[in-house]
Amino acid sequence: MSNPIVQQLNPSQRRAVQTVDGPVLIIAGPGSGKTMVITHRIAYLVDTIQISPFQILAVTFTNKAANEMRDRLVNLIRGKAHAVTVKTFHAFCSSVLRRYGKHIGLGSDYTIFDSEDQRDALKMAMEEVEVDPKRYPIRGIQSAISRAKSTMLDVHRFKTKGQSFYDEIVGKVYGSYERILSANNGVDFDDLLLKTLIIFKSQPSVLEQYQKRFFHVMVDEFQDTNIVQYQLAKILSGSFRNLCVVGDPDQAIYSWRNADIRNILSFQQDFPDAALIELEENYRSTGNILDVAKGLISANKQRIEKKIWTVKERGSHIVVHECFTGKEEANFIMEEINRLMTKKNRMLNDVAIMYRINAQSRALEEACLRYGIRYRIIGGVRFYHRREVKDLISFLRVINNPGDQISLLRVINIPPRGLGTRSIEKIIMCSRREHLSVYEVIQGIIEGNIPEHQLSSRSLKALEGFFLTIEELRVSAGVIDISQTIEMLLEKIGYRNYLEQTGNLEDRWDNILELKGMAQEFISGDSSGDLTALLEHLALVSDVDTLKENSDGITLITLHQAKGLEFPVVFMTGMEEGLLPHYRSMDSEEGIEEERRLCYVGITRAKQELYMTRAFRRGLMGSSGSSIPSRFLQEMPQDLLSGPQLIRQKSRYAQVIKDTDILEDEVEEIPMPVLKTGDKIEHKIFGNGIIISLSGNSFDQEVVVAFKDAGVKRLLLGYAPIEKV
DNA sequence: CAATATGATGTTTTT
DNA sequence: CATCATATTG
């Protein structure tokens, strides 16, 4: 009872920690101490029940979550924490495949293809089976194949199951794509999971080894696992049945990655005896924030009702602010941050700005620079996808796995050495004809074993230079360490010089140095430090993982990346129809509900202050249209919000109130003049005008104004800077 | 035949 | 607005 591990926990948390026999389902609301429960549960298993830490597997959603969990475990159980396996599904599977991939014909130096590589491979595949990428966009095929793999359909089963004509096309490409992958000794993200599952199912001895080892299996963010991941968790815990999953259906935001909330239902069916534990008390957010979140999420129809509550104070109102442009939105936020710092003693670290899409970050970044506010940004143009970084990684991949043709072809002419599309085509032809990998063909040509290459002597010379460079690096890579290899590579191909010619050298070179630094850090870390391990690390670390908590600055982050994090002050930007909810999700009810959950996730990141902003015009993708407020704003309890779209506001803007829209108890709080047809008004930009007509409800009041100079305009009141004259 | 310039074209979220 | 594909130039 007086066990120190459980002392500070509330009763449900304690139950979650101490229920260690058999299957357990923990439904954990936001801020309910989920991570604490998981770490304490592990500590309890190790210190109280005396389970060997070596026999515990904890699966997390991101590497960052894994690291954080490990850190917290160290505090609880000291050195024993390092014996616990804490990994993402992908990282765990990768380690299994490195060891046992040979059972399914996978060499241990396989390359992990990210979605960009995947696209290149698909292009090749489509060419091979003559599917026109114009008619059948790669993205669509990519996601169809991913969906297939996430639901355990291999090429054969996909082909027999598929019905539509499109399925037939996808089936063809899928088959060719798989051949290309295996020829490259490459796997994509989905393969990491699926191939591991296949090994477990087909190699009883391998499975048994893992099953015997992991006495306890825990899965975090269970609502965002896909079917393969669930199968993995189930099969791994097969011999002891000690599977504990933790999740929150209201925070499921990855269905587009084939996560399947139904896993929670499947779990309850598969384990009818599972203990169900609900964590309802929120320790993170103020009462107002939590109530806004609750109000919003209750608009979802497909939902299991869940209680969440807090004993915390009401806290500040949620501020809703509307601006003319994205730039103004950013400026407002900066001003507000400055105010919070001087008036409320906030630190930059306390603040996060969240957005739906990465493209929104640009305006915010620029504003940070203007205002001299330090910031750290996650993603944006993802670091690992930047051209120069990708170039370097591709070179390293070729050195590590010459069978990786995708990477090879990407860098064969970098920097330009006179091997254009034509020459490359010829090389590929050779490789088809001789049934050799591209690298083998190149070797053959150089060594004179393949005379019918048809390459000009100039191209031949260039090719030889390329080949010798790679060979030299491959040989020396075995002796010198990785950062020296990188150094040598950059030197040999004259990469710096190349960047100099292409312009903006500084930024790009900085990125190269950063990657080099990362490699350095990696080899001095606890891993084996070889090239294979580094490349695996680079493929599997996400950008969120690199978020440095200690450095001083505000955080710019997408709503998706923000899952699992918390900040005292949160700004949610772009609260507009089309952005949140995103227009690509707006054609289905499920899509909208997922967007709503995403919004819910954002809100519940906030501990004390929450702002929601929107812009009337946003400069996304070239020209911009005007936007209307996100429906989610209207779904929140209005009395907890304060801002100009509300009736009780201290806006500088005029506001029209129609009789039917006046809420009785708020009438006296309306300070604004009421506009009617014929009123003379003045617009900040368009100048003087007369109101011709009014329409719409109080939320999007539309007014038609005849301006003296600017002609007749339709405007939305509340956003249009209009004043009655 | 390779490299560059220009124009069109399409943009969520990520392991 | 930034990438991609095609046209043009060297």
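Just so it is clear: chains get the letters A, B, ... in the order the sequence lines come, proteins before strands, and each one is counted from 1. Only a predicted model underlies this, so the values are computations on that prediction, with no experimental measurement involved.
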Under 4.0 Å, heavy atoms only, any strand: does A/N413 hit a base, just the sugar-phosphate, or nothing? sugar-phosphate

Applying a 4.0 Å non-hydrogen cut-off, can you work out what A/K87 is touching in the nucleic acid: base, sugar-phosphate, or nothing?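 Touches nothing.
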
[N] OP1/OP2 closer than 4.0 Å to side-chain N/O of [X]:
X      : N      : value
A/T558 : B/dT14 : yes
A/N358 : B/dT14 : yes
A/K563 : B/dT13 : no
A/Q561 : B/dT13 : no

Are the ring of A/H582 and the six-membered base ring of B/dT12 within the stacking cut-offs of under 5.5 Å and under 30°? yes

Indicate whether A/F61 forms a stack on B/dT15; treat it as stacked only if centroid distance is below 5.5 angstrom and interplanar angle below 30 degrees. no

A/Y210 vs A/F214 aromatic rings, parallel, tilted or perpendicular, using cut-offs 30° and 60°?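 Taking A/F214 first and then A/Y210, their aromatic rings lie parallel (interplane angle under 30°).
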
Plane angle bin for A/F158 and A/Y174 - parallel if under 30°, tilted between 30 and 60°, otherwise perpendicular: perpendicular

Nearest-angstrom distance from the residue atom [atom1] of [X] to [atom2] of [N]:
X      : N      : atom1 : atom2 : answer
A/F113 : B/dT15 : CZ    : C1'   : 16 Å
A/I227 : B/dT15 : CD1   : C1'   : 17 Å
A/W256 : B/dT12 : CH2   : P     : 11 Å
A/R119 : B/dT14 : CZ    : C1'   : 15 Å
A/R362 : B/dT11 : CZ    : P     : 18 Å
A/Y254 : B/dT12 : OH    : P     : 16 Å
A/I253 : B/dT13 : CD1   : P     : 13 Å
A/K461 : B/dA2  : NZ    : P     : 17 Å

Can A/R410 be said to sit on top of A/F395's aromatic six-ring, NZ or CZ under 6.0 Å from centre and within 45° of the ring axis? no

In terms of side-chain heavy atoms of A/H90, which of B/dT13, B/dT11, B/dT15 is nearest? B/dT15

Measuring only the C1' atom in each nucleotide, how far is C/dC4 from B/dT13? A whole number of Å is fine. 23 Å

Identify the two heavy atoms, one from A/F189 and one from A/D114, that lie closest to each other, and give their separation to 0.1 Å. CE1-CA, 3.9 Å

Below 4.5 Å, heavy atoms only, C-beta onward: do A/I446 and A/F466 meet side chain to side chain?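 Not in contact.
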
Starting at the 5' end of DNA chain B and moving along, which residue's nearest nucleotide shows up first, A/R584 or A/L193?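 In this pair, the answer is A/R584.
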
